[in-house]
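Each chain gets a letter, A, B and so on, in the order the sequences are listed, and its residues count up from 1. Because the structure is a prediction, the values reported are computed rather than measured.
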Amino acid sequence: MSNTPLNHLQDFNITAFQNDLIGWFSREQRDLPWRKDKDAYKVWVSEIMLQQTRVDTVIPYFERFMEKFPTIDDLALADEESVLKAWEGLGYYSRVRNLHSAVKEVRELYGGMVPDSPAEISRLKGVGPYTAGAILSIAYSKAEPAVDGNVMRVLSRILSIWEDIAKPSVRKVFEEAVRALISHENPSHFNQALMELGALICTPTSPSCLLCPVREHCHAFEEGTTGELPVKTRKKSTRHVDLIAGVLKNDEGKILIHKRPQNGLLANLWEFPNVEKNTIISPRTTLKGYLSDEYKADTKIETGSFTSIDHVFSHLTWNIEVFAGTLQGDVEETDTVKLVTPDELTEYAFPVSHQKMWRAYQALQLEMPS
DNA sequence: CACACGTGGAC
DNA sequence: TGTCCAAGTGT
């Protein structure tokens, strides 16, 4: 009987747990910008931004985003360019393209009202099981589970659940636990309290158990296993890709930029022309050939690369050798190829890797004027 | 299911 | 320096 994952729900004082948890949250919750009211749109935006992203990182983005797109209509009617620009540097850019698309759908299908049923809200792009539960509970006070990494860590300790939380199927175990534990009187605070506890007290390493408001309910604390829970298998290492990039200026001082494909890594963001390194041909020759093929550009490339950028993604790393050069003839501008002045560059959304390139290039210009 | 998908901070 | 992240979702 003791080897089923949720067996500790049997002897669990649910009401006392809810009171201790929610009471603590009411006293200790952080003052965060998305907690000023429970407007479903604001809750939605904040939840998307917070996916795999730290609170401290999100705060300034959330403030700027709400200033720029205060309502669902404002976001729905905005250009994707400006939406991506508002997300620049936050990462996981498909989040905001999905949000933009879903907001348009809410405007057209539901008259701008975020739906309040699990079935309808889950149909929106970018709204998975966690986000659906978070919006439904926080904005609409529905008793739905919102199981994220915090909740799995906290509950794995409290209920001594030894399932591997890296396995997708295991989330359902924790949803079942939350359905058993959630306060129907205040599901919003219950869900948020579980996450807040994970963020402030029940942290991945060295949790502050002596400050924990639900210590008395915690099996891992009692058994001294907080250091072993949750069980989480680690993922495989990342692969390496070597790139060659060029910052090319024409005789008017304009820079050649290129829009990335609409799918895959950094989709629809802008970049400086780049190509994967060839094992045989020299970087400079490879780049010149690529620019000639791709943009019909006749270029003069400086002899040595002026900087080398190492950029680490979640699943791969780039090493980019960056060359400076000049465009000799004309380049045809299209939807995905543009020549822009340095000032105009700030209107386009670039990945951080390419922002690093541009800063290095500007530093170079300062060293060697004209 | 396993993997793609960003970034900056902590230890 | 390397490893693991931090309020996950789409395919």
Q. From B:dG6, B:dC1, C:dT9, pick the nucleotide closest to the side chain of A:Pro168?
A. B:dC1

Q. Can you tell me how far C1' in B:dC1 sits from the matching atom in C:dG8, rounded to whole Å?
A. 16 Å

Q) Do A:Ser117 and A:Glu120 have side-chain atoms, one donor and one acceptor, less than 3.5 Å apart? A) yes

Q.
Under 4.0 Å, counting only non-hydrogen atoms across every strand here, what does A:Thr57 touch: a base, just sugar-phosphate, or nothing?
A. nothing

Q) For A:Ser183 and A:Asn186, does a side-chain donor sit closer than 3.5 Å to a side-chain acceptor? A) no

Q. Using a cut-off of less than 4.0 Å, is there contact between a side-chain N or O of A:His311 and OP1 or OP2 of B:dG6?
A. no

Q) What's the closest nucleotide to the A:Phe313 side chain, out of C:dG10, C:dA6, B:dG6? A) B:dG6

Q) Which whole-number value in Å describes the distance from A:Leu50 CG to B:dG8 P? A) 17 Å

Q. Does any donor atom in the side chain of A:His240 or A:Thr317 lie under 3.5 Å from an acceptor atom in the other side chain?
A. yes

Q: Just call it for A:Val151: base, sugar-phosphate, or nothing, with non-hydrogen atoms closer than 4.0 Å on any strand.
A: nothing

Q) Should A:Ser353 be listed as having a side-chain N or O under 4.0 Å from OP1 or OP2 of B:dG6? A) no

(Q) Suppose we screen for ring-ring contact (aromatic ring centres under 6.0 Å, His included). Which residues come up paired with A:Phe25, at least two apart in sequence or across chains? (A) A:His189

(Q) When the P atoms of C:dA6 and B:dC5 are compared, how many Å lie between them, rounded to an integer? (A) 23 Å

Q) Salt bridge check: are A:Lys338 and A:Glu333 linked by an N-O gap of less than 4.0 Å? A) no

**Q.** Gap between atoms NZ and P, on A:Lys356 and B:dG6 respectively (whole Å)
**A.** 14 Å

Q) Closer than 4.0 Å, any side-chain N/O of A:His315 to the OP1 or OP2 of B:dC5? A) yes

Q | First encountered from the 5' end of DNA chain C, between A:Ser122 and A:Val55 | A | A:Val55

Q: Whole angstrom is fine here: how far is it from CG in A:Asp164 over to C1' in B:dC1?
A: 13 Å

Q. Just by modelled atom types, is the A:Thr53 backbone N or O under 3.5 Å from a matching donor or acceptor in the A:Thr57 side chain?
A. no

Q: Indicate yes or no: does A:Lys259 engage A:Glu81 in a salt bridge with an N to O separation below 4.0 Å.
A: yes

(Q) Once you apply a heavy-atom cut-off of 4.0 Å, does A:Leu90 come out as touching a base, just sugar-phosphate, or nothing? (A) base

Q. What parts of residues 33-42 of chain A reach DNA chain B, counting only heavy atoms under 4.0 Å away?
A. none

Q | Row check, A:Phe62 ring normal vs A:Arg64 NZ/CZ: under 6.0 Å, within 45° | A | no

Q: Test A:Trp270 against every option in A:Phe350, A:Tyr93, A:Tyr348 by the ring pair (Phe, Tyr, Trp, His ring centres under 6.0 Å) rule and name the one that passes.
A: A:Tyr348

Q) Taking the P atom of each, how far is B:dG8 from C:dT9, in whole Å? A) 23 Å

Q.
Any heavy-atom pair between the side chains of A:Val214 and A:Trp24 that's under 4.5 Å?
A. no

Q: Nearest-nucleotide wise, let me know which of A:Ser314 and A:Ser169 is further upstream toward the 5' end of DNA chain B.
A: A:Ser169

Q: Quick one: label A:Lys167 by what it contacts on the DNA or RNA (base, sugar-phosphate, nothing), any heavy atom closer than 4.0 Å.
A: nothing

Q. How long is the line joining CD1 of A:Ile59 and P of C:dA6, in whole Å?
A. 17 Å

(Q) Please determine whether any donor N or O and acceptor N or O are separated by less than 3.5 Å between the side chain of A:Thr131 and the base of C:dG8. (A) no

Q: Round to the nearest Å and state the distance from A:Asp148 atom CG to C:dG8 atom P.
A: 5 Å

Q) Quick one: which of B:dG6, B:dG9, C:dG8 gets closest to the side chain of A:Arg95? A) B:dG6

Q.
By nearest heavy atom, map A:Val127 and A:Leu32 onto DNA chain C; which one lands nearer the 5' end?
A. A:Leu32

Q) Over how many whole Å does the gap from A:Arg54 atom CZ to B:dG8 atom C1' extend? A) 7 Å

Q) In whole angstrom, what separates A:Ile48's CD1 from C:dG10's P? A) 8 Å

Q. With a non-hydrogen cut-off below 4.0 angstrom, is A:Gly264 in contact with a base, only sugar-phosphate, or nothing?
A. sugar-phosphate

Q) Any donor-acceptor pair under 3.5 Å between the side chain of A:Thr53 and the base of B:dG6? A) yes

Q. Counting any heavy atom closer than 4.0 Å, what does A:Arg30 reach on the DNA or RNA strands: base, sugar-phosphate only, or nothing?
A. base

Q. Within the modelled atom types, does a donor on one side and an acceptor on the other bring the side chain of A:Tyr92 and the base of B:dG6 under 3.5 Å apart?
A. yes

Q) How is A:Arg153 classified with respect to the nucleic acid when contacts are heavy atoms under 4.0 Å: base, sugar-phosphate, or nothing? A) sugar-phosphate

**Q.** For atom CZ of A:Arg97 and atom C1' of B:dA4, their distance in whole Å
**A.** 13 Å

Q.
At 4.0 Å (heavy atoms only), tell me whether A:Thr205 reaches a base, stays on the sugar-phosphate, or touches nothing.
A. nothing

